[in-house]
K.L.:
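Please read through the structure below; I'll follow up with questions.
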2 protein chains.
Amino acid sequence: MTAATSAPADPHGPAARPRRRAGRPAAAVLDQNGITSAALQLIGKSGYDGFTMAALARTLNVAPSALYNHVSSKRDVLVLVQDHLTSFVDVTAFEAGDWEQAVRDWAWSYRDVFSKHTPLIPVIAVLPVADAPKTLAMYEAVSAGFSRAGFPQERIVPAIVAIESFIFGSAYDVTAPADIFDSGTMAASTPHFTAAVQRLAEEGHEKPADVAFRLGLEALLAGLGALRAA
Amino acid sequence: MTAATSAPADPHGPAARPRRRAGRPAAAVLDQNGITSAALQLIGKSGYDGFTMAALARTLNVAPSALYNHVSSKRDVLVLVQDHLTSFVDVTAFEAGDWEQAVRDWAWSYRDVFSKHTPLIPVIAVLPVADAPKTLAMYEAVSAGFSRAGFPQERIVPAIVAIESFIFGSAYDVTAPADIFDSGTMAASTPHFTAAVQRLAEEGHEKPADVAFRLGLEALLAGLGALRAA
DNA sequence: ACCACTAAATGAATGACGTTCATTTAGAAT
DNA sequence: ATTCTAAATGAACGTCATTCATTTAGTGGT
């Protein structure tokens, strides 16, 4: 309110805001944890389209500009969300024995988590691990499992990156429309492809994205597993 | 030829086919081909950040609103660009003999094309093939190669999807910063991962993204190749 | 108790950007 | 000559992320 310069009052704010009042250096209304979980909740409710800085601020009962005291950009919030989500990825099987099964469990849960958050993939894929501590912790658990399974040191990171790349691509695939391979009017000019699509549709009762993911993952497991020391 | 995405106008009935309608002005300053190549040029010069509808219109000496007579949204333009780029992907090796080498050539060129256009990946990954004729043509060539190589029909599409998912993820990887795996201050708490990263850096002279891509692709080739009929 | 310091919140302003719309323009068809 | 219509125009609009001057209220030092 421009004219309020001389009006010290406004004792209750616009609409009896909860007792949370403004600014002090110590205990804050806002912090990165609060922002992260509010963001996650908002995304769950409104999707990534409804996820705006203004909407996020509203769920926190705060002005949009207040967010910028705790994050430097919207991308920053996405990074926080991404790192938080990574803690839902299951790496427990790497502590136990079987490498193949551990990778399977990890890969499926990783894909399942991020198939609901594909807008984060461009962020994750190029994010320095130092900016995402939980993600780094995941890499540590996975690396340890690969090491224990007899992988040569210099192949561990490339193998993980390869599997991860497959996972990211596959996460998109989960969100594809069911009729994505419908050739429509051009079916006649693409006989091999059209036949293959048709055949798949006849055979499969499982979701196509799952069939492709299983096929690729098992192929990767077989191919990469051969690198392990006997 | 490239009757791409959505028809611009079609103010009459649903099935109003390419039927001749009454008078139309001849001086078509703009069309989808022109828009596509201008877009590609603009993206090459200014990147995807500089790629705005206003900038695109400017390179075409046209008002931004004029674009909407030929495309229905910015996403539409991206679809046109994506389909055009797909024609740069090399599928020629599928006509010749060796399946493994054909997939190798295809996959590397596919990755190389789209690693410079990662903002298109979320678009490609969920785009119905009917909206992208050149992409459909690529699938036909690849499917034919898989079929000729002895793949069982119902595995062809899942295998292609799996490889493609790997390619999309790997395309992002190409654009990752060189220090993406630098654990920074947390190196001490992630010994296995840090050691693996270090070891890779010592060994490798090739670009890390290329090492990972080759490793994953060869694993996929080995694993998927086993599906072929003997 | 006072005071200076400063983190945190506010609300208004800014500048992009995608997109819409009423209107105009100019070939083509009758 | 008149009519029809796709295509172009320029001025909006609404939505965002982000910035900035200003205000507020704990904290630590004296």
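Model, not experiment: these values are computed from the prediction.
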K.L.:
Look at atom NZ of K134(A) and say whether more than 12 heavy atoms of other residues, nucleotides or ligands are closer to it than 6.0 Å.
P.N.:
yes
K.L.:
Below 3.5 Å, does any donor atom in the side chain of N69(B) face an acceptor in the base of dA6(D), or the other way round?
P.N.:
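Check fails, no donor-acceptor contact within cut-off.
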K.L.:
Less than 4.0 angstrom from a charged side-chain N to a carboxylate O is my criterion; do D173(A) and K207(A) meet it?
P.N.:
no
K.L.:
Nearest heavy-atom pair of A212(A) and A162(B): which atoms, and what distance?
P.N.:
O-CB, 3.7 Å
K.L.:
Atom CG of D31(B) and atom C1' of dA6(D): how far apart are they, to the nearest Å?
P.N.:
13 Å
K.L.:
To the nearest Å, give me how far apart CG (L30(A)) and P (dA25(D)) are.
P.N.:
17 Å
K.L.:
Distance check needed: dA7(D) P versus Q32(B) CD, whole Å only.
P.N.:
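Result: 10 Å.
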K.L.:
So if I define the base as every atom that isn't primed, P, OP1 or OP2, how would nucleotides 18-23 of chain C read as a B/S/- string at a heavy-atom cutoff under 4.0 Å?
P.N.:
SBBB--
K.L.:
Note the angle between the end axes of the helix from dA1(C)-dT30(D) to dT30(C)-dA1(D), five pairs defining each, rounded to 10 degrees.
P.N.:
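Rounded to the nearest 10 degrees, the bend comes out at 0°.
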K.L.:
Show, in sequence, the C-alpha distance, side-chain angles and deciding distance for I124(B) and F114(B), and conclude whether the side-chain contact (heavy atoms from CB on, under 4.5 Å) test is met.
P.N.:
CA-CA 10 Å; I124(B) 316 173; F114(B) 284 100; 3.4 Å; yes
K.L.:
Around atom CD of Q41(B), are there more than 12 heavy atoms from other residues, nucleotides or ligands closer than 6.0 Å?
P.N.:
no
K.L.:
Can you tell me if CG on D179(A) sees more than 12 non-hydrogen neighbours from other groups inside 6.0 Å?
P.N.:
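Yes.
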K.L.:
Using modelled atom types only, decide if a donor and an acceptor are shared between the side chain of K74(B) and the backbone of F51(B) within a distance under 3.5 Å.
P.N.:
yes
K.L.:
Does H70(A) have a side-chain nitrogen or oxygen under 4.0 Å from the phosphate oxygens OP1 or OP2 of dA9(C)?
P.N.:
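Yes, because at least one side-chain N or O of H70(A) sits under 4.0 Å from OP1 or OP2 of dA9(C).
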K.L.:
Compute the ring centroids of F146(A) and Y139(A), then answer whether they are less than 6.0 Å apart.
P.N.:
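No; Y139(A) has its ring centre 6.0 Å or more from that of F146(A).
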K.L.:
Starting at CG of L78(A) and ending at C1' of dA17(D), how long is that distance when rounded to a whole Å?
P.N.:
12 Å
K.L.:
Take atom CG of D49(A) and atom C1' of dC16(D), then tell me their distance rounded to the nearest Å.
P.N.:
13 Å
